[in-house]
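Here's the structure we're looking at; comments come further down.
One-based numbering, in listed order, for ligands and for the atoms of each. Computed from a predicted model, the values in this text were never measured in an experiment.
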Amino acid sequence: MNFQLPIPILGFAAYSGTGKTTLLEVLLPKLTEAGLRIGMLKHAHHNFDVDKEGKDSYRLRKAGASQMLISSRNRFALMTETPEAESEFEYLLTRFDTDKLDVILVEGCKNIAFPKIELHREVVGKPWLYPSDDNIIAIAADTEVTDSELPQMNINDLDAISAFVVDYVNRQANPVVTKSEGACCDTLSPAFLSVTQGQEKILSMVNRVEGTEACAMFDASGRVLSDDVISPVNVPQYTNSAMDGYAIRGEDIGLAEYQVVGEVMAGYAHNAPLLAGQAVKIMTGAPTPVGVDTVIMREQSSQQGDIVTFNAEIKVGQNVRQAGEDLAIGAAVFSQGQRLASPEMGMLASLGFGECTVFRKLKVAVFSTGDEVQAPGTEQKENSIYDSNRFTIMGMLQALGCEILDYGIIEDNEDLMIQALEEASQNADVVMTSGGVSVGDADYIKLALDKLGQIDFWRINMRPGRPLAFGQINNKPFFGLPGNPVAVMVSFINFVEPALRKMQGEVDWQPLKVNAVATENLRSRQGRTEFSRGVYELDSRGQLTVRTTGKQGSGILRSMSEANCLIEISPSVDTVKVGESVTIIPLQGRI
Ligand code: AMP
Ligand code: MG
């Protein structure tokens, strides 16, 4: 689980028909007798209701109370309507008053990752959970299993189950620190971090670049504005026709016919004011003559000689765009930190800007490491692999509009590494390498980084991409990405891109995340975030669905090429079943 619950939690996992509730009903008295104060969380599949029709609380809920707290001498109940979706497991746990409890027992929630006792009865005829579920910590069954080291109890031996639960609660509440755990102050021991913790740490340690420059509009795509933009003009500049047709004065509406006294094309004007009963033929975008406020489209008009008649109802002001209607002089257009894409380019141009002021480009130094890594474009040597990481990294840097300093592949030699890292940190705003940062690796890059200091070697609870080095070299942020090609990209997407965007001056950037329905079972593991490569699409019913690209090895770069999203399975979930909703991160424009 992602958060720290102050008291132990223990689940009872079983297929329906095993008799979970019946067992708990006789187990709870034994546990309370042993002194445990118990909170229960039970998942109900159906549309349950604790309230009774006609009761005051029921009537008030139906009348619109989305939360209803009812209290009496003996108990209170808070009923919360969740019409959108069932609440998250972790959120539900926070509803308990843990000061008044010793343990939370959970019935159901088989697919959510937290410690559980598996209940099993042969007659139910269902498969075992423990072989594929790391969360099972003990088995209570009516038969013995021989292929597991887990503690086993007879499902009918309530005293044994009760003793197990009491012991579990005591152990969780008073953990015994073993010697090896106690000796954790070794400075080299890598920190374990969640994805969010890693992201937050990195973001808190990088700052926006100093320095701005003027940029011609035709070069501005992808750049980040360093100033707010105020409109210097009215858009549109003058009141004009939104249609090809005839322009008349609003007060003349209702006449049988009008005299056409002229024609205005876009870019020209009809300078004489119109008189009563007159019309001008007008083209889309042409300025309306003085006194004219209404345009009738050509399709609703018929002109004979210089007389025009209209065959539709006419409203004052129709088909006319007012000066300043889209944007008035002095109105705020964009704020500092806005990244410019085509709509922003077009808008700035429409306001007459030939250039804009942007933050200077971010310079990023990149190199690869590893004796086995060989540059592409040369004949393949024995025992070597071509360097792909530098190219995926450079591609992603280009998409972000960075200036790239390519240092190639640095030979495995500590002095050369230190020299390269030093030089890169002098010339660039950010330094990035791939490979050689996993725990236990004896790569030279690690030795070099250790000497340069201020680098932390993290283990992120994610897959792929567990190892990550991050720190500063000469006050410049340094990213030591993992070596595996998919891990490199997934780490870049999660940790590097948000940091670079902040350094580029972009404000409040958030990656797009949406939910899609899984069309295949997805497995993960408790406590870590799983990023599978996915393909999302709309199915024939218009529902967003997602499947994986197949094999998910962290070296299979093709999976990134086939994917259009990452599927993000959070640490608290260990299985997503077909038909369940899962978070996806679309990748268009990012890789
Ligand atoms: P490492 O973290 O250095 O043990 O690398 C993990 C895996 O990634 C190894 O199989 C390396 O050969 C591979 N790898 C490291 N650097 C690169 C690179 N630049 N391009 C492609 N694969 C690499
Ligand atoms: Mg290596």
Hey, could you give me the CD/NZ distance between E414 and K451, rounded to the nearest 0.5 Å? 3.5 Å
Among T369, T433, N484, the residue with a heavy atom nearest to atom 7 (C) of ligand 1 is N484
The residue among N474, V430, L452, N475 that forms side chain to side chain contact (heavy atoms under 4.5 Å, CB included) with S425 is N474
Side chain or backbone of [X] under 4.0 Å from ligand 1, or both, or neither, by non-hydrogen atoms?
X: V373; answer: side chain
X: R390; answer: neither
X: S388; answer: both
X: I385; answer: side chain

Evaluate D387 for polar contact with ligand 1, using N/O atom pairs at a separation under 3.5 Å. yes
Using distance alone, determine whether P482 and ligand 1 share an N or O pair under 3.5 Å. no
Do [X] and [Y] have side chains that get closer than 4.5 Å, going by heavy atoms?
X: L566; Y: I584; answer: no
X: I567; Y: Y536; answer: no
X: T392; Y: I591; answer: no
X: Q504; Y: C402; answer: yes

Which ligand 1 atoms are under 4.0 Å away from a heavy-atom of [X]?
X: Y386; answer: 20 (N), 21 (C)
X: S368; answer: 19 (N)
X: E372; answer: 11 (C), 12 (O)
X: G436; answer: 1 (P), 2 (O), 3 (O)
X: G435; answer: 3 (O)

Cut-off 3.5 Å, side chains only: do Q374 and S384 have a donor facing an acceptor? yes
Residues D387 and S368: side-chain donor-acceptor under 3.5 angstrom: yes
Can you tell me if G370 contacts ligand 1 (heavy atom of the residue under 4.0 Å from the ligand)? no
Could you tell me whether K116 sits above the aromatic face of F114, with NZ or CZ closer than 6.0 angstrom to the six-membered ring centre and within 45 degrees of the axis? yes
